[in-house]
Number of protein chains: 2
Amino acid sequence: MPLWVQLADELRSAIRDGRLRHRLPSEPELRDAYGVSRATVREAIRQLRTEGYLDARQGRGTFVVPKRQFEGYHQQRFSLAARLADVGKEVASVLAIERREDERAAARLGLEERSFVVVRRLRGVEGEVVALEEASVVVPEGEALLGSPIHQGSIYEVLEAAGVHVTAGIDEVSAVSADPVVAELLGGAEGRALILVERRTFAGARPVEYRRTLLQPDRMHFVAQWGRTDGEAL
Amino acid sequence: MPLWVQLADELRSAIRDGRLRHRLPSEPELRDAYGVSRATVREAIRQLRTEGYLDARQGRGTFVVPKRQFEGYHQQRFSLAARLADVGKEVASVLAIERREDERAAARLGLEERSFVVVRRLRGVEGEVVALEEASVVVPEGEALLGSPIHQGSIYEVLEAAGVHVTAGIDEVSAVSADPVVAELLGGAEGRALILVERRTFAGARPVEYRRTLLQPDRMHFVAQWGRTDGEAL
DNA sequence: GAGTGGTCTAGACCACCGG
DNA sequence: CGGTGGTCTAGACCACTCG
């Protein structure tokens with residue numbers, strides 16, 4: 001492993017554990033502490049800046065970026081909808097989890113098999129309902145979900161534990177009007193504009209999931225950042 | 001201007017003009033050609049890599065990334081809304097282009113100055129109206145737009161030609177209901193769900209544009225791809 | 001083996017910020 | 001003013017790619 005990667009790993013861990021807070025030691029201090037050149041220190045810091053952990057200001061120092069609820073797209077591992085999956089202190093109430101036919105999911109995933117394990121959940125953050133989600137997972141992979149307590153956790157964690165490694169996905173973001181049932185569940189007015197995220201998930205080349213998520217636009221929306229703004233934009 | 005910025009500008013122009021294609025001269029060659037150190041060359045190349053212009057491969061060389069019409073989100077230079085900006089054979093009809101106050105744009109961009117050049121356009125693809133867009137560009141940068149024919153082209157191209165280099169931005173995607181005016185313009189029903197994209201654009205650290213785009217969900221939506229699917233997914 | 005980009009060093013000067 | 005990060009130099013060795 002390159003030195004700067006090791007150093008970056010070291011610093012990242014320290015930040016995540018809370019051992020590093022507020023301000024980072026200066027570059028010369030880090031150079032001496034780790035016995036490397038300043039360029040190596042800077043390379044590590046550069047990496048952590050692009051990952052969103054650090055923010056450097058000329059003349060002032062390098063600072064740990066406080067954790068945010070809503071982070072930029074480019075920092076997310078699973079991008080777009082990870083916004084939902086990873087948002088902290090989130091609670092999901094499972095409305096239904098069953099095995100059934102799902103024509104639409106089969107069509108979207110390009111599969112002949114129409115039997116899926118379907119999980120329907122309401123998702124909330126800080127006591128507010130923000131999303132209604134229906135995930136259709138292919139069989140047999142999805143069967144691991146039938147006996148699992150996924151009220152809190154991620155479907156992907158359950159799949160991972162069952163040996164299904166989600167590697168990629170496609171999200172399509174659109175907008176729809178709330179029908180009466182959805183309006184009731186999400187606590188909004190009928191006909192109101194909602195964000196719709198359709199997701200197709202893959203394990204290697206195999207499609208494993210089709211997911212529809214309906215979001216309250218005033219509770220949550222998607223943020224995408226592109227390019228660089230000298231750390232000021234967010 | 002730092003040397004590496006000048007060099008990056010130089011190379012970027014060369015790429016856009018087509019003077020640089022396929023493969024870049026090697027780092028030692030660039031170092032000698034421009035009379036700088038290799039670190040400076042690498043810094044410039046690093047910048048253009050993050051901007052999506054270049055791709056470097058150890059042992060092989062540094063290559064100009066070919067322009068693509070439709071790409072997954074993660075490969076996009078300007079990501080999300082680039083889908084709109086770059087969609088082929090697109091036509092925009094300019095409803096208004098004027099200099100005026102825009103409180104909201106000023107607030108969103110965090111500027112005291114409230115005077116903007118505001119461009120309001122309807123955008124269509126293949127004869128169908130798909131989007132209504134209002135871009136508020138800061139002055140004095142935006143003044144270049146006042147005399148420009150932007151019916152076809154991109155606002156960013158005009159800005160670029162005027163020496164304003166857009167380097168970054170943030171898109172926020174949400175959903176709203178169509179009000180009567182918007183419904184009329186977009187040819188849909190009042191109250192219908194539309195996709196709203198709010199964009200903040202930056203040239204370096206300076207905010208240069210606030211843009212609101214309303215999209216017909218059945219005509220166009222956003223696609224984001226994450227991870228890898230052995231090239232099959234899209 | 002020659003050439004490429006990736007990493008690393010030890011120095012230097014600068015612009016900027018705070019006390 | 002001293003300390004910070006930003007820039008820049010002139011070297012060096014390495015892993016990798018390709019003919």
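What's counted below: heavy atoms across the whole structure, side chains too, no hydrogens, waters or symmetry copies. In the text below, chain A, chain B and the rest are named by the order of the sequence lines, each starting its count at 1.
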If you find the nucleotide of DNA chain C closest to R60(A) and the one closest to E43(A), which residue's nucleotide is nearer the 5' end? E43(A)

Distance, rounded to the nearest Å, where E27(A) contributes CD and dG3(D) contributes C1': 12 Å

Answer with base, sugar-phosphate or nothing: what part of the nucleic acid does R23(A) contact at a heavy-atom distance below 4.0 Å? sugar-phosphate

Closest non-hydrogen atom pair, G142(B) against V137(B): CA-CG1, 3.4 Å

Under the side-chain contact (heavy atoms from CB on, under 4.5 Å) test, residues paired with Q58(A) that sit two or more places apart: none

Touch class at under 4.0 angstrom, heavy-atom based, for R57(B) against every strand present: sugar-phosphate

Quick one: list whatever passes side-chain contact (heavy atoms from CB on, under 4.5 Å) with D32(B), sequence neighbours left out. none

Taking distance alone, no hydrogens or angles, what donor-acceptor pairs closer than 3.5 Å link side-chain atoms of residues 17-25 of chain B to residues at least two apart or in another chain?
residue: D17(B); atom: OD2; partner: R19(B); partner atom: NH1; Å: 2.7
residue: R21(B); atom: NE; partner: G18(B); partner atom: O; Å: 3.0
residue: R21(B); atom: NH2; partner: G18(B); partner atom: O; Å: 3.4
residue: R23(B); atom: NH2; partner: R60(B); partner atom: O; Å: 3.2

Considering only heavy atoms of chain A and a distance under 4.0 Å, specify the first and last nucleotide of DNA chain C in 5' to 3' order that meet this criterion. dT7(C) to dG18(C)

Could you list the residues that satisfy side-chain contact (heavy atoms from CB on, under 4.5 Å) with A135(A), not counting sequence neighbours? I155(A), E209(A), R211(A)

Find which nucleotide of DNA chain C each of R38(A) and M1(A) is nearest to by heavy atoms, and output the residue with the more 5' nucleotide. M1(A)

Would you please name every residue forming a side-chain contact (heavy atoms from CB on, under 4.5 Å) with R104(B), sequence neighbours left out? D102(B), R108(B), Y210(B), R212(B)

